[in-house]
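Just so you know, these numbers use all the heavy atoms, side chains as well, and skip hydrogens, waters and symmetry mates. Numbers restart at 1 for each chain; the letters A, B, ... are given by sequence-line order, proteins then strands.
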Amino acid sequence: MKRIIIALGLMTTAAQAQDADLIARGEYLARAGDCVACHTVEGGAKFAGGYSIISNMGTIWSTNITPDKEHGIGNYSLEDFTKAVRQGVTPDGTHLYPAMPYPSYAKVTDEDMAAMYAYFMQGVEPVATDAPETALGFPFNMRFGMMFWNLAFRPSDVFTPNPDLTEEQNRGAYLVEGLGHCGACHTPRGIGMQEKGLDAGSDTFLAGSELNGWPVPGLRAGGEGLHGVQAWTEQDIADYLGMGRNRFAATGGEMKAVIQHSMNYMTDDDLHAIAAYLKTMPGEAAPSKPLDDTARVLTEATDLTEGQRLYLDNCNACHFVDGTGGPKVFPQLDGASVVTGDSPDGLIHTILAGAATPSTERAPSIMPMPGFADRLSDDQVAEIATFVRGAWTNDAAPVSAADVATVRKAAQAEAHAKAPEAAAAQH
Amino acid sequence: MNITNEPVDAVVVGLGWTGAIMAIELAKAGLRVRALERGPDRPNAEFAYPKPADELAYAHRHKIMQSPRQAGFTVRRTRDETAQPMRVLGKFRLGDGVGGSGLHWTAVQIRPTPTDLKLKTFVDEHYAPGALDEELQIQNYPVSWDEIEPHMDFFDRVTGTSGEDGKDPFEGPRTSPYPLPALKDTLNCAMFRGQAEKMGYHPFSNPSAAVSQAYTNPYGQQIAPCNYCGYCSFYACLNYSKASPQTTILDTLNRMPNYDYLTGANVTKVELHPDGKTARGVTYVDNDGNEVFQPADIVILASFSLNNVRLMLNSKIGQQYDPLTGEGTVGRNYAYQLGSGYTMFFKDKEFNPFVAAGPTGVMFNDFGPGNFDSSQLGFVGGAKVHSSQATGNPISMAMMPGSPKWGPGFNKALKDSYGHSMAVKMTISNVSTRGNYLDLDPTYKDPYGMPMLRMTYDYPQNDLRLAEFLNGKVKEIVDALGPDMVVDGTLTTKSRMNYTAGYSSTHNVGGAVMGDDPRTSAVNRYLQSWDVHNVFVPSGSAFPQNFQANPTALIGALSYWCAQAIKDRYLQNPGPLV
């Protein structure tokens, strides 16, 4: 008798352990999918929704995806869950807007879907609150219209490995094209707001884009370019995703949150798989010119232009005369995509509002770059931005004071929205 | 209002270097750790470029220093004087807030030598009985070089110490080379180095914890390359280049779920169990005036050395030292460090003071104890001899003597002085004596009603004779460099401690010294109180006397050594480790 009880006990434990493993795997995959980014408000309950995505069509509110039966997805079966994630259709037939990246999530395997389901049902605390209803204007409020969008643009099926790629590269492809939904920001969108390509089969896939005025770099890392991902090694790419910084760059803009909430939780193997896959895709080199004599001019510091002088006074302490900064500490300005992008807004925003590295397990240091909004006029920021966009090997168009004024206004509004009292106190 | 917090496994009092090290090491061992810091939080964002470049606020109005009111001590030179509260910061300045003095330090990270740690043995072997002053109370550090060096090595890797390998023949054996190459020489370094070498000394670049290259430490934290801006001593680094608890430990620590910290939590007392043999936690007063009890199984006193001693005395941990009978150990062997030297002016040299970090400099150890024969000279100890040049801070700049204080004459003198001076200085060891000690002031209390610490200290004649000896040696170097003018800032046997005069260093040590004998030490070799076994006191207060090196390298190492003893031995079997 005693032995049986022990045996039963062991069985329960083994089953529990299996469950725990599945839930843990589901949690990892949910991180890979960065579900939390859209389904959680800053400071709010995890996965309770209510995050607003401001789109061209209007404001889309994310939903409660906790296992609460009334307010969340607690009544979903595995099939319901899978259909919502892969096809953007909820059990009552409602079509989701593709702010939910189901065109990418469609690639997720059944096995991974089951793990994520286990996590959302058993590993997440139910929250009994409703997120605001999304109410877009006509015609976008006609959700059934998404059926036609889906017919026109919805992608393929579950991921199938490419026999020409290694196992590692295929793992990377699965993560990048699927849960990682990197294309949502890094692939240019077409006339129907659809991503122009959803996998390596398309030349436009991950070819770079723009987001809220920021240049979004291309991720096709296989080219001969001297800067950006093409010049980065696989380790550099893995460092960037796992630490928010590498030998050349520090993350900024929307990517910081992606690293903080998602990518830094990936295993070294997965980060390297992602890097290996990105390296398989040839891309176009970013425009640049042969290295000029900026470093010498700044060192001699005679007959400086206004932009050069302002750079020496405000930027040089960290980024240095050669624009190289320091590995994992101060980002390199020479060849940085945010500096040389077609749109200067990201660069201007960073000069005005500053930035800070995210704290991750692999790189805990939070290193703030100060914002210069209080010190520099629109003209001065434009001078600096114009200077760095043309210094060293950079060859990007100048920036006007009017460009700066626009970004300054937006940055102020952003600061007010984030911390109204602090922002008010500053003005 | 009286509040009692949830208990923790370990409470750490003070969040400077020692507190940060103890907290992270104990948290990594799985303990629930809470740090209590009486000052404010000081995150990196507060020191983003160019905010700290404000000499008036930081160097003259002491923005990140404890005010005399907070620091709470009274001072006198000898027992026959009446101690008065220190009302201005002068000779030394204690840090305030998260990071403590580890935020405003200069970041010269030179180690003591093996002889420094066993000075008593050295004296016994090299001096005839009666050759030294009777008042000396020299003791050995109760750890061997081989025991403590690996911890100095690790701390060097935490701080990214940048130095010159193999150039100091007097240094103790190292586990590994400096993590980074030395900072670059400024003009004064090159001049001093050349002259010292010519005279047969062995100069080398100051080991610097303002790092020479971008660096990632063993905790995964990044330190940025120093840009030689010169805002080092009295400042938080504006470039994340100077190792501090912030740049090397705290971002890692703050991620740990079993650790937290409170600021504005002024610990007034360690609370003991009725038998007086163990502590049950600490009491602090928060910013709202609430008195809060924080229960804890282990209490780490990691505040500045002087405050550690005061907390022990106010909490009745150990017995107050009595200079008349020699009995009691808490307050015994308080020591400081002596600064002496020459400032030189050269009309025709441009020192570019705007390109010089606090730790850029060159030193030599030829006058460390045991590195020259002092057995017949009537003193024991030594000095590091080093050269520095003024950093670019205009208010504190060295002016030629006799310069007018205002008007066109001042303007001209400023122009003539700026960028034309360098210094050669001695940092001189400080023996502990019977009469230099700390106790509680019988009259003055701090804002919380606790007695202030009373400091009774003057320069020992032993050290002043050493200074006079060195003045002559160093003057030879100064004269050989051929300055147009020399300002003599040396100590002589007539010098007395002047608490409120110009800053010298914040190298206040001792008062709760470590040792093998509970009659002459307050803590054992593991920095554990002899009397209350769950109280550990890892800080400069453990130095039995002070050496000529800067103290931080050993303070960091002793903290790691103490944390290891707690992790490896105390947790398994709580009780006296010796």
Side-chain angles (χ1 to χ4, degrees), chain A residues 235 239 242-251 260 264-265 268 298-299 301 310-322 324-332 350-376 419 422, chain B residues 20 24 27-28 41-53 158 160 180 210-231 236-257 259 352 354-355 357 392:
Chain A
Q235 185 62 50
D239 283 349
M243 301 178 163
R245 67 205 78 180
N246 66 15
R247 288 190 294 154
F248 307 103
T251 191
Q260 199 147 28
N264 95 82
Y265 292 97
D268 288 344
L298 291 180
T299 304
L310 287 164
Y311 179 87
L312 277 180
D313 287 348
N314 295 285
C315 319
N316 184 68
C318 302
H319 297 286
F320 303 139
V321 292
D322 55 6
T324 56
K328 292 183 182 161
V329 175
F330 300 134
Q332 180 167 329
T350 307
I351 296 172
L352 288 173
T357 48
S359 181
T360 73
E361 183 77 28
R362 292 182 181 88
S365 295
I366 301 169
M367 307 179 97
M369 161 173 162
F372 289 82
D374 296 341
R375 280 169 60 82
L376 299 175
Chain B
I24 196 166
K28 281 170 75 178
D41 205 355
R42 299 201 185 279
N44 272 349
E46 199 178 318
F47 308 114
Y49 178 87
K51 290 182 207 166
V158 169
L180 293 174
V211 306
S212 60
Q213 295 172 6
Y215 180 71
T216 299
N217 79 4
Y219 296 120
Q221 291 204 209
Q222 273 84 35
I223 317 178
C226 172
N227 71 13
Y228 301 80
C229 78
Y231 290 93
C237 180
L238 52 75
N239 227 48
Y240 320 119
S241 304
K242 184 169 76 176
S244 65
Q246 277 82 343
T247 55
T248 62
I249 296 173
L250 295 181
D251 283 342
T252 311
L253 186 55
N254 291 339
R255 294 176 56 81
M256 301 185 75
Y259 162 80
N352 290 351
F354 42 83
V355 190

What closest approach, in Å, do [X] and [Y] show between heavy atoms, and which atom pair accounts for it?
{"X": "A:Ser365", "Y": "B:Thr247", "value": "OG-O, 4.4 Å"}
{"X": "B:Thr216", "Y": "A:Lys328", "value": "OG1-CD, 4.2 Å"}
{"X": "B:Pro225", "Y": "A:Val329", "value": "CD-CG1, 4.3 Å"}
{"X": "B:Thr252", "Y": "A:Pro364", "value": "OG1-CG, 3.4 Å"}
{"X": "B:Gln222", "Y": "A:Ala363", "value": "OE1-CB, 4.2 Å"}
{"X": "B:Asn239", "Y": "A:Phe330", "value": "O-CZ, 3.4 Å"}

(message) Is B:Ile223 close to chain A through its backbone or its side chain, or both, or neither, when contacts mean heavy atoms under 4.5 Å?
(response) backbone
(message) Can you tell me which portion of B:Tyr228 sits under 4.5 Å from chain A's heavy atoms? Options are side chain, backbone, both or neither.
(response) neither
(request) Report, as yes or no, whether the 6.0 Å neighbourhood of atom CD on A:Gln235 holds more than 12 heavy atoms from other residues, nucleotides or ligands. (result) yes
(message) Whether the side chain of B:Asn44 engages the backbone of A:Pro368 through a donor-acceptor N/O pair (distance < 3.5 Å, no angle test) should be reported.
(response) no
(request) Select, from A:Gly371, A:Gly326, A:Ser359, the one with the greatest count of heavy-atom pairs under 4.5 Å involving chain B. (result) A:Ser359
(message) Rounded to the nearest 0.5 Å, what separates atom OH in B:Tyr49 from atom CG in A:Asn316?
(response) 8.0 Å
(message) Please identify, among B:Gly220, B:Ser241, B:Pro43, the residue contributing the most non-hydrogen atom pairs under 4.5 Å to chain A.
(response) B:Gly220
(request) With the side chain counted from C-beta on, respond yes when B:Lys51 and A:Pro370 share a heavy-atom pair under 4.5 Å apart, and no when they do not. (result) no
